[in-house]
Every structure is written in structure tokens, then in C-alpha cells.
Amino acid sequence: MKIKMQNPIAEMDGDEMTRVIWRMVKATLLEPYVGLNTEYFDLGLTHRNDTDDQVTVQSAEAAKRLRVAVKCATITPNRQRMEEFPELKQMWKSANGTIRAILDGTVFRAPIVLRCVKPSVRTWEAPITIARHAYGDVYSGVECYVGEKNTAELVIKSETGDVLQTIQTQTVDSPAVWRIMHNKDSSIEAFARSCFGYAAATKQDLWFSTKDTISKIYDGRFKDIFAQIYESDFKAEFARLGIEYFYTLIDDAVARVMRSRGGFIWALKNYDGDVMSDMVSTAFGSLAMMTSVLVSPDGNFLYEAAHGTVTRHYYRYLQGEETSTNAVATIFAWTGALAKRGELDGNAELTAFAKSVEKATLDTIESGTMTRDLAGIAEPGLAVKTVATQEFLNAVKARLEI
Ligand code: NAP
Ligand code: MG
């Protein structure tokens, strides 16, 4: 008897090697055990192009309606991809960007910790989850270069064109670069709520850090909004759960993180999160061993792998090679979504199944059966058997049925 799902999840299919793995994971580890109930959206580049990218918008709306979604990695076209896919009507925007703009969320990334792959920071025992604000700052800033001595004035107007503020900036005595950037109260509030909510849901401490000593107004605004929302809406809940909210300067946070045991969430502004998430994931082992979930402030959850479509492996696959691509992040995207669906629907059987797939996956690796990327970083002394992706999934399936 297969496990039933009362409510569907939004399923967003993707591109290249991850699209291949997507099918393998479903066929080997999910469909034999669960009556999968999904609303399917094909976000493969060809279909995004055929639908003028409307399928991406529809899939995000489904994620909002169904509250749980699982997404495969997708190609973000660049100039090179435009040559590779001459049929593209335009250089479509990143599907993740479009989905994030609709869901207005925060991305939480946590390493999947193994005993047989030790983090390069010796004190880290438990995962460090990075919560990255995904709106504004330098990512939607305006920049320019002026090739002579110059002075700039910033004029800010209201919706109707009235001048609200005129700010005299520096006069510079040489050619210079300039940048203007912004962030919105509404987005910072949504970021704060997602972080506090996720910390409560996963019962972990929340750290937040900016450079508010230097950037008193800009970073100060982030600090103040976090503090206000914590005081008014989360302090009591944190006390009840025995978890803490901790604000500190980013330099101090970096030093503390390096000495910590891990096991907390570190919230960061957009750029800081972009950089720190790569450092933390690399120090824990591999991008293929990271979970990634987009949490919206109104409680919608989109699970995905943190890595891309693994193009290099896909070209080898197209030539008939059986590749040893790591499927763990894709497996955990599915189990994350199924466990959340089970939790929201009161379907304990579904949640328990998802957890047992995760355990079987980790036990398979700890027993020595793993893909090539992990074989290269496993602790010496373990008898390692390097396998292709399908063989790895078969080994997980065999464990699942014990
Ligand atoms: P990538 O797909 O993450 O792959 C970069 C390299 O990392 C691979 O060549 C491989 O190294 C290694 N790797 C990544 N995932 C792996 C896995 N599961 N198992 C084993 N090795 C893995 O990044 P990319 O090549 O920069 O990007 C490819 C495409 O993905 C781009 O079109 C980009 O737009 C897209 N992308 C999508 C998302 C998303 O949808 N969330 C995110 C990032 C990138 P080796 O070749 O050395 O084995
Ligand atoms: Mg980065």
C-alpha cells in the first residue's frame, strides 16, 4: 500500500543533469512508496521559452496556493546559452529570481553533515544555516564611473515628483566610481519574520550581523527592524522554546562563527550572505551536500538543491557515460517538501517516510558507498566504493527496505 497524500505539492522540473536525476530519484525512491500528488510545472528552458516564461509565474503562484513546492535546478540563460539555444525568444530572467520576487522570501541553506566528511573548521560539529536576504543592496544598485574630478548630489523625490531630500555627497579630487543602492522596509520586515519564524520552527538560535557602526542609517535600519519585530512578536516564543536571538557586528560574528560548534542560523544581508554561504558550504564539504529552502513570510516553503544543473556531467551523460553525479541535494529537496506536506496535513506517515529516506541516504554514504565528489573528501580509513548515480540510488533503496 502506497502512502497517500491528501494535498498536492507544486513540482517544478528543470534542466540538464538535474532533470535526469530528478526522474531517477522519483522512480527509485519515491514512486514505489508514495502515491505522489503534485501539480507539475515544466521549468525546463525550452518550455519556459515556449510559454514566454509564464510557466515560471504559474509555478510560483501554485507554490503560494499549495504552500509547499519542490524545484529542480534550472538554466539561467546568459550570452553563451543564447548561442547554444538559438530558438530562445529572449535572455529569460533567472527562474529563481522570478519565483523569489513572487514569494518574497528568505533562502535558508544548511549543510548536510556527515561523520565521514569532516568540516575544514575543526570546531564545527553541527550545521550552520545561512539565511540570506534576497532583495536589494548592490544587486539592484546603480553605479557609474566619472573620469574627472567631480561632485555628486543625490535628489530624492516623492511619487508626485516633489523633492523630499537633497543630499550633498563628497567632492572627489580624482576620477571616481559612484554607487547608489536601496532596501525597503517591507522587504527587511519580511526577511526578519522569515528568520525568526524559521529559527522557531527548527528550534535553533538566530544570529544576525551587519556593519551598523559604520553604516548607521542603512545597516542601522536592518538592526532596528529586527529588534522591533523580535520584541513585539517573537521574544516570548523564543523564551518558551529556549532559543536566543543574538545581534552582533559582522566582524565579531565572523570571529565567533569560526570558534563556534555550529548549530545555529546566521542571518545576513544580501551581499554578506552571498559570500558567506559559499565559504560555509565549502568548509562543510560540497555544494551537493547542502539543503536549500525558500521560506516566505506568510509560511510557504520551496525546497531545492543548492547547486546548478551540473552541465559538465550532462554533456558526458549525453555521450552515453553513466555519471557519478551526487543526488543527495535533490533527494533532500524532495524529502524536505514531503516532510513539510506531511507536517501541514497531519500526515505523520508521509513525514516519517521522508525522514527514513534521508536516513537511508546518509547511512549509505557512511557505509562507504558514495559518488565521486564525496569519495575525494571522505576521511581516510573508510573503505570507499565509488558508484554512479543510479547505483547510489539503488543502494539507498536497498537500505530503505531493510
Ligand atoms: P553547477 O551546476 O553547480 O556545477 C558546477 C560544478 O560543481 C560541476 O561541474 C561539478 O564539478 C560540481 N557539482 C555541482 N553539483 C554537483 C553534484 N550534484 N554532483 C557532483 N558535482 C557537482 O554550476 P554551474 O556549472 O556554474 O552552472 C550550470 C547551470 O546551472 C547554469 O546554467 C546556471 O544558470 C544554473 N544554475 C542554476 C541554479 C538553480 O536553479 N538553483 C543554481 C546555480 C546555477 P565537476 O565538473 O568538477 O565534477
Ligand atoms: Mg555566492
Side-chain angles (χ1 to χ4, degrees), residues 11-25 41-49 53 55-56 59-60 63 69-85 88 91-101 103 105 107-109 111-112 114 117 132 134 273-274 277-278 281-282 284-294 302-319 321-334 336 361 365 370-378 386-393 396:
E11 175 182 354
M12 305 169 177
D13 206 346
D15 286 301
E16 300 192 316
M17 203 61 218
T18 40
R19 187 180 179 97
V20 175
I21 293 178
W22 195 258
R23 249 175 288 138
M24 289 179 175
V25 167
F41 298 88
D42 182 0
L43 300 197
L45 184 55
T46 316
H47 194 243
R48 273 182 282 152
N49 186 56
D53 212 20
V55 66
T56 308
S59 74
V70 59
K71 181 180 173 291
C72 181
T74 47
I75 292 172
T76 301
N78 54 14
R79 213 157 276 135
Q80 190 194 333
R81 294 289 197 178
M82 297 300 285
E83 282 163 28
E84 190 183 341
F85 299 89
L88 289 188
M91 209 191 289
W92 300 109
K93 282 193 286 189
S94 145
N96 284 54
T98 303
I99 293 166
R100 262 175 225 160
L103 290 178
V107 177
F108 295 88
R109 289 204 164 161
I112 300 163
L114 294 164
V117 178
R132 171 185 170 188
D274 184 350
S277 65
D278 283 314
S281 64
T282 308
F284 269 108
S286 145
L287 214 52
M289 295 298 292
M290 292 283 280
T291 62
S292 180
V293 56
L294 174 74
L302 185 152
Y303 294 84
E304 59 175 346
H307 57 77
T309 59
V310 211
T311 312
R312 290 224 305 245
H313 293 213
Y314 184 58
Y315 286 138
R316 296 212 298 271
Y317 166 85
L318 288 180
Q319 283 165 359
E321 193 184 316
E322 246 201 305
T323 69
S324 183
T325 314
N326 190 329
V328 173
T330 302
I331 296 172
F332 275 64
W334 273 98
T361 303
I365 300 170
M370 59 187 80
T371 46
R372 183 166 299 123
D373 56 318
L374 293 179
I377 52 174
T386 307
V387 293
T389 307
Q390 185 60 57
E391 211 179 333
F392 177 78
L393 295 175
V396 175

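Just so it is clear, the model here is predicted, and its values are computed rather than measured. Atoms considered below: every heavy atom in the structure, side chains included; atoms not considered: hydrogens, waters and symmetry mates. Indexing begins at 1, ligand by ligand and atom by atom, following the structure's order.
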Query raised in the report: Of Asn49, Thr76, Thr56, which is the lone residue that meets side-chain hydrogen bond (donor to acceptor under 3.5 Å, both in side chains) with Trp92?
Result: Asn49
Query - Contacts of type ring-ring contact (aromatic ring centres under 6.0 Å, His included), residue Phe392, not counting sequence neighbours - result: none
Could you work out, for [atom], the closest of [options] by heavy-atom distance?
atom: atom 28 (C) of ligand 1; options: Thr311, Ile75, Thr18; answer: Thr311
atom: atom 32 (O) of ligand 1; options: Gln80, Met12, Arg81; answer: Arg81
atom: atom 2 (O) of ligand 1; options: Val328, Val310, Thr389; answer: Val310

Can you confirm whether [X] sits close enough to [Y] that some side-chain heavy atom of one is under 4.5 Å from a side-chain heavy atom of the other?
X: Leu302; Y: Arg100; answer: no
X: Val107; Y: Ser292; answer: yes
X: Trp22; Y: Thr330; answer: yes
X: Met370; Y: Leu114; answer: no
X: Ile112; Y: Thr361; answer: no

Which residue holds the protein heavy atom closest to [atom], what is that atom called, and what is the gap in Å?
atom: atom 1 (P) of ligand 1; answer: Gly308 N, 3.6 Å
atom: atom 30 (O) of ligand 1; answer: Thr309 N, 3.0 Å
atom: atom 33 (C) of ligand 1; answer: Thr76 N, 4.1 Å
atom: atom 47 (O) of ligand 1; answer: Arg312 NH2, 2.9 Å
atom: atom 14 (C) of ligand 1; answer: His307 CB, 4.0 Å
atom: atom 35 (C) of ligand 1; answer: Thr74 O, 3.4 Å

Query raised in the report: Do we see a donor-acceptor contact under 3.5 Å between the side chains of Thr98 and Arg48?
Result: no
Query raised in the report: Between the side chains of Thr371 and Asp373, is a donor N or O closer than 3.5 angstrom to an acceptor N or O?
Result: yes
Backbone N/O of [Y] and side chain of [X]: donor-acceptor pair under 3.5 Å:
X: Asp15; Y: Ile75; value: yes
X: Ser324; Y: Arg372; value: yes
X: Thr389; Y: Thr323; value: yes

Which of the numbered atoms in ligand 1 are below 4.0 angstrom from a heavy atom of [X]?
X: Glu304; value: 41 (N)
X: Asn326; value: 17 (C), 18 (N), 19 (N), 20 (C)
X: Ala288; value: 17 (C), 18 (N)

Is [X] close enough to touch ligand 1? Criterion: a residue heavy atom under 4.0 Å from a ligand atom.
X: Lys71; answer: yes
X: Arg372; answer: no
X: His313; answer: yes

Query raised in the report: Side chain, backbone, both or neither: which part of Glu16 comes within less than 4.0 Å of ligand 1 when only heavy atoms are counted?
Result: neither
Report task. May I ask you to identify, for Asn96, whether its side chain, its backbone, both or neither come under 4.0 Å of ligand 1 on a heavy-atom basis? Result -> side chain
Report summary line: Sequence neighbours excluded, the answer for salt bridge (Lys or Arg N to Asp or Glu O under 4.0 Å) partners of Arg109 is none
Kindly state if [atom] has a protein heavy atom within a strict 4.0 Å cut-off, that is, under 4.0 Å?
atom: atom 24 (P) of ligand 1; result: no
atom: atom 5 (C) of ligand 1; result: no
atom: atom 17 (C) of ligand 1; result: yes
atom: atom 12 (C) of ligand 1; result: no

